[in-house]
Amino acid sequence: YSTHNMLEAKLEEYVLREVMVKSLRIRALLADAESTIKNHQWYVEQHLQEPDTMPNTARRMATLNTNIDGAYLFFRPNYYPSKGQLYEPYVRQSNDSIIYVQLASAEHHDYTKTNFYQMCMRGDTVNWTTPYLDREGAKCVVVSNCMPLHDKKGDFVGGIGVDLSIEWLNNIINQRHFYPSSYNLFLSPEGELIVSPDEESVSSEKVNQVIELINDSTVAREKTKTGRCKCITFKDTDGKLAYIYYSTMRTNPHWQIVLV
């Protein structure tokens with residue numbers, strides 16, 4: 001019995017270490033990107049009378065932070081009459097090149113209808129999104145964050161934000177594990193898949209089984225001794241006994257980090 005307890009404690013130690021390390025790496029990358037937005041948010045608000053400087057601001061954001069795949073600004077309709085009804089300078093990195101585009105158009109990309117715009121207009125900070133395919137901007141699957149812009153009177157004028165490719169998340173989850181057979185997933189607070197190992201490493205059938213178990217409130221689970229993780233014992237799609245350990249990041253975006 002004591003040997004069993006020792007092995008269980010050792011397993012929990014390994015699990016917590018891996019979850020903690022990867023959580024810290026993710027939070028550091030996200031915080032760095034958030035700082036990039038905040039630093040340029042202040043600059044833009046001080047130079048709102050200079051619309052031609054906005055593409056350079058987006059360029060600076062995209063080049064100063066190598067983790068950023070795209071940077072953008074958008075403004076309320078007709079804020080800059082000389083730029084047309086909608087104005088959204090966007091800069092993305094492509095290999096060693098920096099590409100600038102004006103994304104917005106009333107016909108194809110009306111950002112005023114997006115949740116980003118509506119939340120910024122209310123004065124909210126947009127938390128990191130779940131992954132989505134950005135066909136027009138970054139041209140890859142990204143997570144995004146955005147912050148509102150205000151003039152000196154405090155009135156809403158637009159927003160500023162960045163896109164991060166989920167490729168860097170894939171790099172984190174595919175790093176060395178304490179157990180060769182284990183793997184990681186990242187889920188949103190609502191239990192939606194953010195990133196998983198590639199199909200060659202872990203089948204989608206196994207991934208879906210894990211997600212369903214975590215999201216099923218009727219499935220038995222218990223807290224680890226430290227209370228930092230929850231654990232589900234199950235048989236995987238191959239009929240092998242397995243364990244799901246998962247924990248929620250304590251700070252935004254409160255993603256769930258899963259170790260199987």
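Bear in mind that the values here come from a model prediction, so they are computed numbers and not experimental data.
Within the model, atoms NZ of Lys230 and CD1 of Ile214 stand 10.5 Å from one another, a figure rounded to the nearest 0.5 Å. Taken from CD in Gln49 to NZ in Lys152, the straight-line distance is 8.0 Å, to the nearest 0.5 Å. The CD atom of Gln256 sits 10.0 Å away from atom CD1 of Ile211, with the distance rounded to the nearest 0.5 Å. How far CD of Gln118 is from NZ of Lys113: 11.0 Å, rounded to the nearest 0.5 Å. For the atom pair CG of Asn145 and CZ of Phe116, the computed distance is 7.0 Å after rounding to the nearest 0.5 Å. Rounding to the nearest 0.5 angstrom, the gap separating the SG atom in Cys231 from the OH atom in Tyr243 is 7.5 Å.
Side-chain atoms of Val143 and Thr130, non-hydrogen and from C-beta on, never get closer than 4.5 Å to each other. A 4.5 Å side-chain heavy-atom check between Pro131 and Val142 finds every atom pair outside the cut-off. Ser247 has its side chain out of reach of Ile257: every pair of non-hydrogen atoms, C-beta onward, lies at least 4.5 Å apart. At a threshold of 4.5 Å between non-hydrogen side-chain atoms, the residues Tyr246 and Ile232 count as touching. With contacts defined as side-chain heavy-atom distances shorter than 4.5 Å, the pair Leu185/Pro197 qualifies. By the 4.5 Å heavy-atom criterion applied to side chains, Leu64 and Thr36 are not counted as neighbours. Leu164 is listed as a side-chain neighbour of Trp128, based on a closest heavy-atom distance under 4.5 Å. At a threshold of 4.5 Å between non-hydrogen side-chain atoms, the residues Met249 and Lys22 do not count as touching.
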* Asked: So Phe156 and Tyr79, ring-ring contact (aromatic ring centres under 6.0 Å, His included) or not? Walk me through it.
  -> CA-CA 11 Å; Phe156 167 76; Tyr79 186 73; 9.3 Å; no
* **Test side chain to side chain contact (heavy atoms under 4.5 Å, CB included) applied to Ser182 and Leu259, step by step** => CA-CA 7 Å; Ser182 64; Leu259 175 63; 4.0 Å; yes
* Show your working on side chain to side chain contact (heavy atoms under 4.5 Å, CB included) between Thr112 and Phe74 and close with a plain yes or no. => CA-CA 9 Å; Thr112 64; Phe74 55 79; over 6 Å; no
* Take Val195 and Trp255, measure what side chain to side chain contact (heavy atoms under 4.5 Å, CB included) needs, and give me the verdict at the end. => CA-CA 11 Å; Val195 68; Trp255 290 343; over 6 Å; no
* To do: Before giving the answer on side chain to side chain contact (heavy atoms under 4.5 Å, CB included), spell out for Leu149 and Gln41 the whole-Å C-alpha distance, their side-chain angles and the decisive distance to 0.1 Å.
  => CA-CA 7 Å; Leu149 295 168; Gln41 177 189 37; 4.0 Å; yes
* Applying side chain to side chain donor-acceptor pair (under 3.5 Å), run through Ser144 and Tyr132 and close with a yes or a no. => CA-CA 9 Å; Ser144 301; Tyr132 65 95; 2.6 Å; yes
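Note on residues 32-61: pairs passing salt bridge (charged side-chain N to carboxylate O under 4.0 Å, His left out), not counting sequence neighbours, are Arg27-Glu34, Asp52-Lys83. For residues 154-175, no residue pair satisfies the salt bridge (charged side-chain N to carboxylate O under 4.0 Å, His left out) rule, not counting sequence neighbours. For residues 234-249, every residue pair satisfying the salt bridge (charged side-chain N to carboxylate O under 4.0 Å, His left out) rule, not counting sequence neighbours, is listed here: Lys206-Asp238.
Not a single donor-acceptor pair under 3.5 Å links the side chain of Asp216 to the backbone N or O of Glu212. When atom types are taken as modelled, the side chain of Tyr111 and the backbone of Phe75 share a donor-acceptor pair closer than 3.5 angstrom. Checked by atom type and distance alone, the side chain of Arg221 pairs as donor or acceptor with a backbone atom of Leu213 at under 3.5 Å.
If you run side chain to side chain contact (heavy atoms under 4.5 Å, CB included) between Leu73 and each of Ile160, Val91, Val157, only Ile160 comes through.
Applying the side-chain hydrogen bond (donor to acceptor under 3.5 Å, both in side chains) criterion to Thr63, with sequence neighbours excluded, gives no partner residue. Arg122 meets the salt bridge (Lys or Arg N to Asp or Glu O under 4.0 Å) test with Asp124; sequence neighbours excluded. In terms of the side-chain hydrogen bond (donor to acceptor under 3.5 Å, both in side chains) criterion, residue partners of Glu190 (sequence neighbours excluded) are, by chain and number, Ser188.
Contact between Ile37 and Gly161 at its shortest, heavy atoms only, is CD1-CA, 4.1 Å. When all heavy atoms are compared, the tightest approach of His254 to Thr248 is O-CG2, 3.5 Å. In terms of heavy-atom proximity, Ile68 sits nearest to Met61 at CD1-O, 3.7 Å. Residues Cys146 and Cys120 approach most closely at SG-SG, 3.4 Å, considering heavy atoms. Val162 and Ala33 get closest at one heavy-atom pair: CG2-CB, 4.3 Å. Pairing each heavy atom of Pro51 with each of Pro55, the nearest pair is O-CD, 3.8 Å.
Ring planes of Tyr72 and Tyr90: parallel class, angle under 30° (limits at 30 and 60°). Between Tyr80 and Tyr87, the angle of the ring planes goes over 60°, which puts this pair in the perpendicular group of the 30/60° scheme.
Counting heavy atoms of neighbouring residues, nucleotides and ligands inside a 6.0 Å radius, atom CD of Glu205 does not exceed 12 of them. For Gln46, the CD atom sits in a packed shell: over 12 heavy atoms of surrounding residues, nucleotides or ligands are nearer than 6.0 Å.
By the criterion of side-chain heavy atoms lying less than 4.5 angstrom apart, applied directly or through intervening Ile, Leu, Val, Met, Phe, Trp or Tyr residues, Val219 is grouped together with Val207 in one hydrophobic cluster.
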